[in-house]
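This structure is a prediction, so every number in the text was calculated from the model and none was measured. Quick note: residue numbers are just sequence positions, from 1.
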Amino acid sequence: MVTGKRHAVPVSLSFLFFFIPLDVFSLRTLSPDPCDSLNRRDTRTLRSDQLTVLINGYSESRIPLLQSIAATYSGCPSVSSVLVLWGNPSTPTRTLTQLAHNLSISSFGSAPISLIRQSTSSLNARFLPRASIETRAVLICDDDVELDPKSVDFAFRIWRSNPDRLVGLFARSHDVDLQKREWIYTVHPDKYSIVLTKFIMMKTEYLQKYSCGGGEAMDEMRRIVDEMRNCEDILMNFVVADETNAGPVMVGAERVRDWGDARNDEDSGGGDGGRRLKSKVRKAGLSSRRAEHRKRRGSCIREFHRVLGRMPLRYSYGKVVNSVGEQGLCNKGGKLVFCDE
């Protein structure tokens with residue numbers, strides 16, 4: 001919890017908490033059955049010019065960063081609203097009431113920010129359909145990745161050109177270990193088949209397919225996600241690839257700050273307060289132990305394949321970037337440089 005004491009942290013993280021009586025602000029909760037057909041929105045009534053941002057929140061140590069990220073998204077022209085999905089049932093109501101108030105007054109733009117207290121810590125809950133979503137597209141993201149508004153808008157433009165596919169910034173791959181003759185989770189330099197929920201755009205209908213469709217097979221695969229406390233993003237990639245027979249689309253960004261990446265340097269600036277915050281953010285991650293993390297996600301791929309009876313994941317190649325600058329090289333002043341420089 002943040003107090004009145006100032007720390008040497010970046011300006012973008014130095015949000016203050018305003019303490020208010022509990023009866024002044026109420027927390028929103030999810031309806032008992034999100035899959036009830038009576039709660040289902042007609043997709044024809046959803047707006048297509050903006051998207052809804054769903055940020056997954058869990059750790060109290062990340063609250064200052066969460067506020068900063070939510071406020072940044074609210075200022076993006078392409079964003080209609082921001083929903084913070086709090087998935088830690090043990091967090092005190094008073095803490096969440098204060099957070100809900102702070103979020104509601106911290107918007108940088110016209111998009112409102114709301115806090116929804118989840119009744120479960122299940123990672124499946126981040127893909128639940130919600131009556132409050134009024135857009136055809138949703139952006140699912142984590143509470144430790146900061147992105148500049150121009151890159152959010154660019155990614156949304158790319159999604160509008162590819163509305164049936166997943167669009168993301170962080171890519172991974174499935175592959176086959178020929179020696180062990182099993183599926184594995186890995187990274188390839190030239191292809192990918194999975195985009196991560198650190199930042200992933202999709203059409204709203206996929207929330208319904210993930211949470212409410214697929215029969216017994218999806219029920220079992222969602223149970224695997226709960227047992228592993230991992231892999232909800234891999235399962236969503238399975239669902240969409242099985243629907244489209246196509247891989248995801250990876251886009252480039254001008255500026256992405258991944259606070260939760262274990263490769264962050266402890267002494268990368270920001271003073272003692274900044275280092276403490278970075279350390280807390282990394283330790284709070286549900287998936288921060290890299291070697292074990294990769295093994296577990298390989299297990300998920302194998303289990304999903306076993307249950308589904310097929311491998312729907314498809315490779316994609318290349319990355320879409322927001323630049324059409326000159327690629328030709330010219331000799332200028334004895335040096336080879338881009339011709340338009």
Side-chain angles (χ1 to χ4, degrees), residues 8-14 49-51 53 65 68-69 71-79 108-109 137 139 141-142 144-175 186-202 237 246-271 274-275 277-278 281-282 290 314-341:
V9 298
V11 174
S12 62
L13 303 182
S14 56
D49 60 327
Q50 289 184 307
L51 55 81
V53 177
L65 182 58
S68 173
I69 291 173
T72 298
Y73 279 125
S74 73
C76 298
S78 58
V79 173
F108 285 165
L139 165 58
C141 55
D142 287 347
D144 58 359
V145 175
E146 286 186 291
L147 191 69
D148 64 286
K150 285 179 61 178
S151 295
V152 176
D153 294 338
F154 173 66
F156 183 52
R157 291 200 302 272
I158 300 305
W159 177 84
R160 294 182 72 180
S161 299
N162 303 270
D164 292 330
R165 299 170 71 180
L166 299 176
V167 173
L169 297 178
F170 301 87
R172 302 291 187 267
S173 297
H174 73 297
D175 207 338
T186 188
V187 178
H188 286 300
D190 57 349
K191 61 183 179 180
Y192 56 94
S193 56
I194 297 166
V195 285
L196 308 183
T197 42
K198 287 174 178 286
F199 182 102
I200 183 172
M201 285 185 188
M202 68 186 74
N237 279 268
V249 178
M250 182 182 183
V251 298
E254 290 189 10
R255 179 185 177 277
V256 184
R257 179 68 165 95
D258 188 352
W259 289 85
D261 195 306
R263 293 167 293 185
N264 277 299
D265 190 342
E266 286 279 4
D267 299 315
S268 57
R275 287 196 292 272
L277 177 58
K278 293 167 191 172
V281 168
R282 287 198 301 275
R290 294 186 65 203
R314 296 291 181 267
Y315 287 118
S316 296
Y317 303 85
K319 177 169 65 176
V320 183
V321 296
N322 190 16
S323 173
V324 290
E326 179 65 67
Q327 299 185 76
L329 296 176
C330 292
N331 189 332
K332 295 184 178 181
K335 296 181 180 179
L336 284 177
V337 296
F338 289 118
C339 296
D340 58 358
E341 289 186 355

Distance in Å, [X] [atom1] paired with [Y] [atom2], rounded so as to fall on 0.5 Å steps:
X      : Y      : atom1 : atom2 : result
Met202 : Thr197 : CE    : OG1   : 8.0 Å
Ser68  : Glu146 : OG    : CD    : 4.5 Å
Ser78  : Phe154 : OG    : CZ    : 12.5 Å
Asp142 : Ile69  : CG    : CD1   : 9.0 Å
Tyr73  : Leu51  : OH    : CG    : 9.5 Å

Can you find a heavy atom in the side chain of [X] that is under 4.5 Å from one in the side chain of [Y]?
X      : Y      : result
Leu139 : Trp159 : no
Leu169 : Leu147 : yes
Arg157 : Asn322 : yes

For the NZ atom on Lys319, are there more than 12 heavy atoms of other groups (residues, nucleotides or ligands in this structure) within a distance under 6.0 Å?
no
Please indicate whether Lys191 has more than 12 foreign heavy atoms, meaning atoms of other residues, nucleotides or ligands, lying under 6.0 Å from its NZ.
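Counting neighbours around NZ of Lys191, more than 12 heavy atoms of other residues, nucleotides or ligands fall under 6.0 Å, so yes.
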Taking [X] for its side chain and [Y] for its backbone only, find out whether a donor-acceptor pair lies under 3.5 Å.
X      : Y      : result
Asp148 : Ser151 : yes
Thr186 : Ser173 : no
Asn237 : Val195 : yes
Gln50  : Val79  : yes
Ser316 : Pro248 : yes

Kindly give the heavy-atom pair with the smallest separation between [X] and [Y], and that separation in Å.
X      : Y      : value
Val152 : Phe199 : CG2-CE1, 4.4 Å
Ala137 : Phe156 : CB-CE1, 3.9 Å
Arg172 : Val187 : CD-CG2, 3.5 Å
Ala71  : Ser74  : O-OG, 2.6 Å
Phe170 : Lys198 : CD1-CB, 3.5 Å

Determine the interplanar angle of the Tyr315 and His174 rings, folded into 0 to 90°, and report it as parallel if under 30°, tilted if 30 to 60°, perpendicular if over 60°.
parallel
Evaluate the criterion side-chain contact (heavy atoms from CB on, under 4.5 Å) for residue pair Leu329 and Phe338; output intermediate values, then yes/no.
CA-CA 5 Å; Leu329 296 176; Phe338 289 118; 3.8 Å; yes
